[in-house]
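Since the model is a prediction, treat every value here as computed from it, not as a measurement.
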Amino acid sequence: MGSSYKSQLSNPAYDGADYTYPPAYANGPQSIPRRCTDLFFYALFLLFSCALCFCAFHGYKYGHPTKLFAPLDSEGNICGFDQGYEEYRYMYVWDIKEAVQDAWSIFDSAVCVRECPKRVTEGVNGTSKEVFDIDCKKTKYFGQKECAEAPLKYSSISFYSYYCFPDARDIPTDVFTNVTQAMSKIVEDSAGRQAADVAASWKVIVLSAFIALLISVIYSFFLKKFAKVLTFVSLVLIFISLVAMGQYFFYLSNPDVTTDFDAYISDKKHFQYVAFGLWGLSCLYLLIFSCQWKSLQIALTVLESASDFVGSNLRLLLVPLIAFVFHLAFLVAWIAGTVMVVSIGEIDNGPPGTQYKVIRWDQGTRYMAYFMGFGGLWVNAMVIACTQFVIIVACTTWYFTHQSDAKGSSSILQGLWWVFRYHLGSFAFGSLIVAIVWAIRIIFEVIAGKTRGSPGGSNPVTTCLICCLRCCISCLDRVIRYINRNAYIQIALTSESFCPSALNAFMLILKNASKFAFLGGIGNVFAFLGKMCIASITTGIAFILIKNWDIVDDHVESPITPLILVFLLAYTIGSIFVSVFTISANAIMQCFLVDLEISGERGALKNRPATLESYTYLAKKQEDGKHANGLN
């Protein structure tokens, strides 16, 4: 690659015109000798992973997770752990009659018992005798009474915990009625009613996840056939929407028109200002597309090629799903390890009558807990990077293996092999940067939360400053992730280390800024529409299921909350599938531009998808005109 551009990077007017690719990359990434990259960060990530495992093992050996979740009696004694309570591991509500009167005082009569009390019938000399024994540690709530003198004796059971739950079959009718009434009051509450609706429709929610998967696959196949048409229609609809909204606000500016906004707006001329602003925005929208029509055509063709790639390689949709399952598995292991580390500290009881606990850490344990938290961020970013690279490798090899009489081929296993054999260090480097930015965002939100809760935290200047800083950090996060994604594409194409690849990607974007801008903008709109389409269709089907499934419909008062959950679930699943499309579009754009750079020196190339072949001359003519006129 040309190196003269490096000396000009400090020039604000530099447009990357002298940036070129050598012909060695003409046959695609599969023909390039692979080498290991960023070995330092590879070793650092391995050491970091070993340190995470060591911290988890240290927590397993010296932590007290069972004490962290152990029950407390009404005086704050930790059942099974405090001195004299070692044999009394279970918690039992001694006065359940009083407890059901007020849910906030349910633990006022909590006692530690040796085992959950049960009503037992014993036979003696042909006669039966009922035996009910409570072996507990008395509290001040008892007064002069003994453990066996409970106001109401009831059998209890424990479900994988040390809490004794009442056996509904052994509770008197009047007490059970009080419990039912208390639950009814909770259900009658808005939040309780919503929770009850969700619980009643859980079958539909689970089924909707599989429906969203099916719709995502169908949508991916649909994109292969109609991607370009859908994109054009979307762009036209955006323009029409801007004009129509402008017309609507202009209509509202009529003094004779009465609206709901009249109570809030004293002068209807403000509606005219909004209308003129929307019309001006629509004109600017049309002007940009008119002046950059060639770049727009190329971006649309790249999106069409990405749709063709995804539609022809539907097995790639399994990659983000497998990564998601791995994420869940790691999350479970990480939470378990973090809980063990957190429980190393000194655990003490919280306020009496509650089940809260206070943990006091020494400095070493505190650093270890922070280390576990950052480790979760780094590994999470690492999994995302590896997932993206597998898709990128499949896409780039598909592009460069096209022949005149055959389509390209792609391989998931080849991407996995390159990840673990050659480039794990580069992904460790890139994901480390992302994890640091995420950690900064978390620290900022913690500080911002404490600032808002402090005296003067609601000051408008403080609030504005917090919003500005949040915006800057969020922008930094998006920029870093965008650079990383494009750097991973360059790693696949050139087998370079992370920093040179990031610089190559930056120069390619700088030289073809308009094409990448259109691709990013249109691609984001297209991806958003795809996710909304998947989520909306799934939600509609879920509504039909709720209304026509009698078992569900009879117990659901309002389907709004379950449908909101279905929409969010389907939107998340759609995002996973659409991410394959957006990553592929970026990869194909870089492949196409590298292809053009090389073909300018060697003539036409034979390994180019048919959908892009017709725009090769257009793109090269645009570049020639750009260089001739000295335009950016």
Checklist line | Step-by-step side-chain contact (heavy atoms from CB on, under 4.5 Å) determination, Cys36 to Tyr42 | finding: CA-CA 10 Å; Cys36 296; Tyr42 175 76; over 6 Å; no
Margin query: For Ser536 and Phe567: C-alpha separation, side-chain torsions, deciding distance, then whether side-chain contact (heavy atoms from CB on, under 4.5 Å) applies.
Written below: CA-CA 7 Å; Ser536 300; Phe567 181 88; 4.2 Å; yes
Using side-chain heavy atoms (C-beta onward) and a distance below 4.5 Å, is [X] in contact with [Y]?
{"X": "Ile588", "Y": "Cys395", "result": "yes"}
{"X": "Pro29", "Y": "Trp418", "result": "yes"}
{"X": "Phe309", "Y": "Tyr399", "result": "no"}
{"X": "Arg470", "Y": "Arg441", "result": "no"}
{"X": "Trp378", "Y": "Leu432", "result": "yes"}
{"X": "Thr538", "Y": "Leu569", "result": "no"}
{"X": "Phe389", "Y": "Ile491", "result": "yes"}
{"X": "Phe444", "Y": "Ile466", "result": "yes"}

Next item on the list: Quick one: which residue pairs count as a salt bridge (charged side-chain N to carboxylate O under 4.0 Å, His left out) with a foot in residues 480-492, not counting sequence neighbours?
Entry: Asp477-Arg481
Checklist line | Selection residues 28-53 - residue pairs positive for salt bridge (charged side-chain N to carboxylate O under 4.0 Å, His left out), sequence neighbours left out | finding: Arg35-Glu496
I'd like a table of donor-acceptor pairs (distance under 3.5 Å, sequence neighbours excluded) in which one partner is a side-chain atom from residues 207-218, with atom names and distances.
{"residue": "Ser208", "atom": "OG", "partner": "Val204", "partner atom": "O", "Å": "2.7"}
{"residue": "Ser216", "atom": "OG", "partner": "Ala212", "partner atom": "O", "Å": "2.7"}

Check: Quick check: are there more than 12 heavy atoms from other residues, nucleotides or ligands sitting under 6.0 Å from CZ of Phe324?
Finding: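 Count not over threshold, so no.
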Margin query: Let me confirm one number: the CG-CG distance from Leu469 to Leu465, rounded to the nearest 0.5 Å.
Written below: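 Between atom CG of Leu469 and atom CG of Leu465 there are 4.5 Å.
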Check: Which value, rounded to the nearest 0.5 Å, describes the distance between Asn504 atom CG and Ile489 atom CD1?
Finding: 12.5 Å
For a quick test of reading the model, state the closest non-hydrogen atom pair linking [X] to [Y] and the distance between them.
{"X": "Gly430", "Y": "Asn484", "answer": "O-ND2, 2.9 Å"}
{"X": "Thr396", "Y": "Ala587", "answer": "CG2-CB, 4.4 Å"}
{"X": "Leu377", "Y": "Ile442", "answer": "CD1-CD1, 3.9 Å"}
{"X": "Leu493", "Y": "Cys591", "answer": "CD2-SG, 3.9 Å"}
{"X": "Ser575", "Y": "Lys531", "answer": "OG-CD, 2.9 Å"}
{"X": "Val393", "Y": "Thr397", "answer": "O-OG1, 2.7 Å"}

Next item on the list: List the steps and the verdict of side-chain contact (heavy atoms from CB on, under 4.5 Å) for Phe374 and Ile436.
Entry: CA-CA 8 Å; Phe374 182 77; Ile436 291 174; 4.0 Å; yes
Checklist line | Residue from Phe41, Phe40, Phe45 passing ring pair (Phe, Tyr, Trp, His ring centres under 6.0 Å) with Phe429 | finding: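 For Phe429, the ring pair (Phe, Tyr, Trp, His ring centres under 6.0 Å) test succeeds with only one of Phe41, Phe40, Phe45, which is Phe41.
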Next item on the list: Could I get the full list of side chain to side chain donor-acceptor pair (under 3.5 Å) partners for Thr365, not counting sequence neighbours?
Entry: Asp362
Checklist line | Test log, rule side-chain contact (heavy atoms from CB on, under 4.5 Å), inputs Phe371 and Cys55 | finding: CA-CA 9 Å; Phe371 182 81; Cys55 289; 3.8 Å; yes
When the side chains of residues 380-388 are checked against the rest of the protein, which donor-acceptor pairs come out under 3.5 Å, sequence neighbours left out?
{"residue": "Asn380", "atom": "OD1", "partner": "His327", "partner atom": "NE2", "Å": "2.6"}
{"residue": "Thr387", "atom": "OG1", "partner": "Val383", "partner atom": "O", "Å": "2.7"}

Next item on the list: Look at the rings of Tyr422 and Trp417 and say which category their plane angle falls in: under 30° parallel, 30 to 60° tilted, over 60° perpendicular.
Entry: perpendicular
Checklist line | ring-ring contact (aromatic ring centres under 6.0 Å, His included) against Trp438, all qualifying residues, sequence neighbours excluded | finding: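 Residues passing ring-ring contact (aromatic ring centres under 6.0 Å, His included) with Trp438: none at all.
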